[in-house]
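So the structure is just underneath, and the comments pick up after that.
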Amino acid sequence: MTKVVVVESPAKAKTINKYLGSDYHVLASYGHIRDLPPKDGSVDPDADFAMQWQTDQRSEKQVKAIADAVKGAEQLILATDPDREGEAISWHIRNVLDERKVLGGIDVKRVAFNAITKDAVLDAMAHPRELDQDLIDAYLARRALDYLVGFTLSPVLWRKLPGARSAGRVQSVALRLISEREAEIERFNPQEYWSVEAVFRTQERKTFSARLTHLDGNKLDRLDIKSEAEAKAAVAAIEAGDFAIGSVEKKRVRRNPAPPFTTSTLQQEASRKLGFGATRTMQLAQRLYEGVDIGGETTGLITYMRTDGVQMSPEAITQIRTSIGGEYGDRYLPNTPRAYTSRAKNAQEAHEAIRPTDVTRTPEALRSRLDADQWKLYSLVWKRAVASQMASAELDQTAIDVTDKGGRSILRATGSVIAFDGFLKLYREDRDDSEGAELSDDENDKILPAVADGDAVARQEVTPEQHSTQPPPRYSEASLVKKMEELGIGRPSTYASILQVLQDREYVRLDRRRFVPEDRGRLVTTFLSSFFERYVQYNFTADLETQLDDVSAGQIDWRQVLRDFWSPFKGSVDGTKDLSIGDVIEKLDAELADHFFPQGEDGQPARGCPSCGEGNLSLRLGKFGAFIGCSNYPNCKFTRQLGEAAGGRPVDAEGEGGALPRVLGQDPETGQDVSLKKGPYGVYVQLGEPEEGSKAKPKRASLPKQVSPADIDLQKALALLSLPRPVGEHPETKEMIDAGIGRYGPYLRHAGTYVSLPGDDTVLTIGLNHAVQIIAEKGSKKKPGRTIGDHPADGKPVTVQAGRYGPYAQHGSIRATLPKGEEMETLTLERAVELLTAKAEKSGKAVPKKAAAKKPAAKKPAAKKTAAKKTTTKKTAAKKSPAKKSAAKSKADDGDSAGTPGS
């Protein structure tokens, strides 16, 4: 009798079956096998929150396969992922099989492994356990809460706020964070301030710069010098002074390494260092966890990637320390292993941190076995884990105060030198926004000259510099994930889906990797904050997460959590029944006035109608959502959409920089205007204007997706218009690499081959080294083409290539896609000629023939076609030419080859 093992993914099933041998039958559930049906009544509060489950058609096939395998089996082992969701999947599988009466007296056990390696799997199989009912209860409570909020609150949104999509328990709070940050930015008033720096020369003729910190006996704060006049007065005071070294402070400081990754810190650092979104990061981590083929055996490369624990197993720490000692020497190895604890709110350290399963598999050793993005993420995980057990870095910091002998001013110079790099030899953690990096540019290896107290120094130039305070930055994916974790909102495993849902509902968009709330999102947030304030409060959401964690720990009954939540929530919803749409609009109009209307001379929102000059503008609701309208309607029918500027004209994608079109300047070579315009396919730059009576179009260039219209100036516009540009000569082929923008976006062109530029590059800035790397990676992923022989008609080569939509045969300009089931490796010349001939006849192209190839008469039909074309009507001439139609059809049939931009 066999033992049946159920895991979540088929890739994992295949690997684990190899580890366990023929006595086991491993199947995949393909994730959850059932869920709450999306309709009213799936959770019934009146029946003590009874839940109705439904198996969908897709999952039914997997359930049947598991049920068939279990019949006659000795044991059922549920080996889904080692977290709350994994426990829930196992619970669903057992219950469904129980309901179908296929378990009989079969023993059911649960195993969980933190890594997909042979040792980890065999060890887990040797230590089975029962299903964890506390984790299951926590899942049931969370699923019921999400359902009740969504299916109770969303209909209120639809009725009271037409155009809104839906509301979610955690997503709504995340949306509030983004919207409130945008409101902070809109309310921000920049403040001018000045700094003053001076350069001094020592007696040994060494120079250093220092910043003014005290003036006339008073310590200066950052904003104390408010104007140019005050800055000039400070400069004059310094220029009149006689300076000497007032004090020298030296100290050695230590920098400790960051702990190994949790789910949220991995998402944050992958966003900062690699430009990966949270969803992309988790997809890559899943593949690394499930493993790659190494020496004929699929092996997981990292431990389970959904965790908030920062500790590592003693065996892993020992292996890492041995590696550090061997690779870097004992100086880089602390005397004792480092131990970490999580500082995140509501952290459950049930699992290990994310680490390599075997530290001896270095990133360099795996470069050829992983694709580019997988390798980048594995390198990040490997370096972070190893660095976490390395010695601290040591820095010598120096501060020099330069004092005016008259006592009017003091200036300070600071510097820092790395005395011992320690863990910095391998890894430096990035920071968000204003936090600063591991070492800022100012303190990283800035060496100050040797001086002593009382040494005279000669003042050189004194420079005042103007600054202005900056608004808080918009959230990036990294900083938003960090903020949510700090507040205890959601769980690390849900962050990626939360951010994706907000974008899918078009409540927010990513602009230059920063979240910008759409007007629809602002309206929803304001509505919820005004009428359901308690349920979008940060503390309330975090406290609810704490209760769910208490359920996981067996400290509280899950139904009691639902009872405590449901009664007041239902009361709040019932309280909006008498709320009119007019009441809603009045509230939203008042709350969002600063957002929708420009500030007038009196500091209040300017609501005057630009059309009639008499009415006032306000927020209104129509059949398709909110818009701005005039109070004089129907006499005045002025309206504008929410995404338009105050004058009723559309703004650019950034919402700033002026309305489009606008002139950026003149081309220095031609003197023509260079303008920024918006067309049906997006924003573009244009050189000059169409000449009257001429059909020739002026030169244009589209903006790459990652370039904001607000960032386009004359210099960048001219650079775009000059594309394609030469990047440099390929070091191996000696052929030029060009960068340009084609039909499918930014591309690189080399030796007749086009390669799409990834999203984190722009066509204007990519350098030669990165271009060569991208071309090499593209070539390594693609199966090389091969010549399978010469065409019997004209002796020209017939090749088989791997195209964007599958393999195809090519002869001259004719391409024929291989039918499904035929492989390019086994394609014969005879079969290729057959396919090419059929394709040529179908597309109207001449079929190569030895006899016809040399006869001039073969060209006559083309000439007749040309003559006929000249006599076509105006309507016919406007249509696509037969040649273009044929080319377009050929591309649609065969797919893009390596020679098409954007492939």
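This one's a predicted model, so the numbers in the text were calculated from it and none came from an experiment. Computation of the quantities below employed the complete heavy-atom set of this structure, encompassing side-chain atoms and omitting hydrogens, waters and symmetry-equivalent molecules.
No more than 12 heavy atoms of other residues, nucleotides or ligands lie within 6.0 Å of NZ in K483, so this atom counts as exposed by the packing criterion. Atom CD of E729 has more than 12 heavy atoms from other residues, nucleotides or ligands within 6.0 Å.
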Practice item. Please test I498 against M484 for side-chain contact (heavy atoms from CB on, under 4.5 Å), starting from the C-alpha separation and ending with a verdict. Key: CA-CA 11 Å; I498 289 170; M484 291 171 66; 3.8 Å; yes
**Study point:** side-chain contact (heavy atoms from CB on, under 4.5 Å) evaluation trace for D371 with Q374
**Key:** CA-CA 5 Å; D371 68 30; Q374 289 173 347; 3.2 Å; yes
**Study point:** Test side-chain contact (heavy atoms from CB on, under 4.5 Å) applied to L377 and L266, step by step
**Key:** CA-CA 9 Å; L377 194 68; L266 176 64; 3.9 Å; yes
Exercise for review: Any chance you could lay out the side-chain contact (heavy atoms from CB on, under 4.5 Å) test for E518 and V508, step after step, and finish with the verdict?
Suggested key: CA-CA 5 Å; E518 300 285 11; V508 303; 5.6 Å; no
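M305 has its side chain within reach of Q286: a pair of non-hydrogen atoms, C-beta onward, lies under 4.5 Å apart. For the pair P807/Q801, no side-chain contact is recorded, criterion being any heavy-atom separation below 4.5 Å from C-beta on. You'll find the side chain of L523 reaches within 4.5 Å of the side chain of L619, heavy atoms only. When side chains are defined from C-beta on, D667 does not count as touching D673, because their heavy atoms never get closer than 4.5 Å. In this structure, P698 and L687 have side chains that are not in contact, with every pair of non-hydrogen atoms separated by 4.5 Å or more. Using a 4.5 Å cut-off on side-chain heavy atoms (C-beta onward), Y747 and V755 make no contact. The shortest side-chain heavy-atom distance between Y754 and L748 does not fall under the 4.5 Å cut-off. Within the 4.5 Å cutoff, the side chain of V683 has no heavy atoms near those of the I712 side chain.
Minimum heavy-atom separation, S702 to I741: O-CD1, 3.3 Å. Nearest approach of A771 to V727, heavy atoms of both residues: CB-CG1, 4.1 Å. Between L175 and G521, the shortest heavy-atom contact is CD2-O, 3.7 Å. Annotation for F638 and S611: closest pair CB-CB, 3.7 Å, computed over non-hydrogen atoms. The minimum heavy-atom distance between P473 and R181, with the atom names listed, is O-NH1, 2.5 Å. Nearest approach of L721 to K699, heavy atoms of both residues: O-NZ, 2.6 Å.
With hydrogens and angles disregarded, no donor-acceptor distance shorter than 3.5 Å links the side chain of Q810 to the backbone of Y808. Not one N or O on the side chain of T525 forms a donor-acceptor pair closer than 3.5 Å with the backbone of R522. Between the side chain of R513 and the backbone N or O of S271, at least one donor-acceptor pair lies under 3.5 Å. Of the possible donor and acceptor atoms, none in the side chain of Q500 sits under 3.5 Å from a partner among the backbone N and O of A496.
Taking CZ of R725 as the start and CD1 of I737 as the end, the distance is 11.0 Å to the nearest 0.5 Å. Distance check, rounded to the nearest 0.5 Å: CD1 of I178 to CD of E180 gives 11.0 Å. Taking NZ from K482 and OG from S476, the interatomic distance works out to 10.0 Å, rounded to the nearest 0.5 Å. Taking OG1 from T799 and CZ from R815, the interatomic distance works out to 9.0 Å, rounded to the nearest 0.5 Å. If you take OG on S179 and CZ on F515, they are separated by 12.0 Å, rounding to the nearest 0.5 Å. Note that OH of Y684 and CG of L720 are 14.0 Å apart. Values are rounded to the nearest 0.5 Å.
A salt bridge links E182 with R474; the closest basic N to acidic carboxylate O contact falls under 4.0 Å. The existence of a salt bridge linking K697 and E689 is excluded, since no basic side-chain nitrogen approaches an acidic carboxylate oxygen closer than 4.0 Å. A salt bridge between D589 and R620 is absent, with no side-chain N of the basic residue lying under 4.0 Å from a carboxylate O of the acidic one.
Side-chain contact, S497 with T494: no donor N or O sits under 3.5 Å from an acceptor N or O. Checked by atom type, the side-chain pair R287/Q283 shows no donor-acceptor distance below 3.5 Å.
For H750, the ring pair (Phe, Tyr, Trp, His ring centres under 6.0 Å) partners are H730, not counting sequence neighbours.
When each of Q171, E477, Q267 is paired with L499, the side-chain contact (heavy atoms from CB on, under 4.5 Å) condition holds for E477 and for no other.
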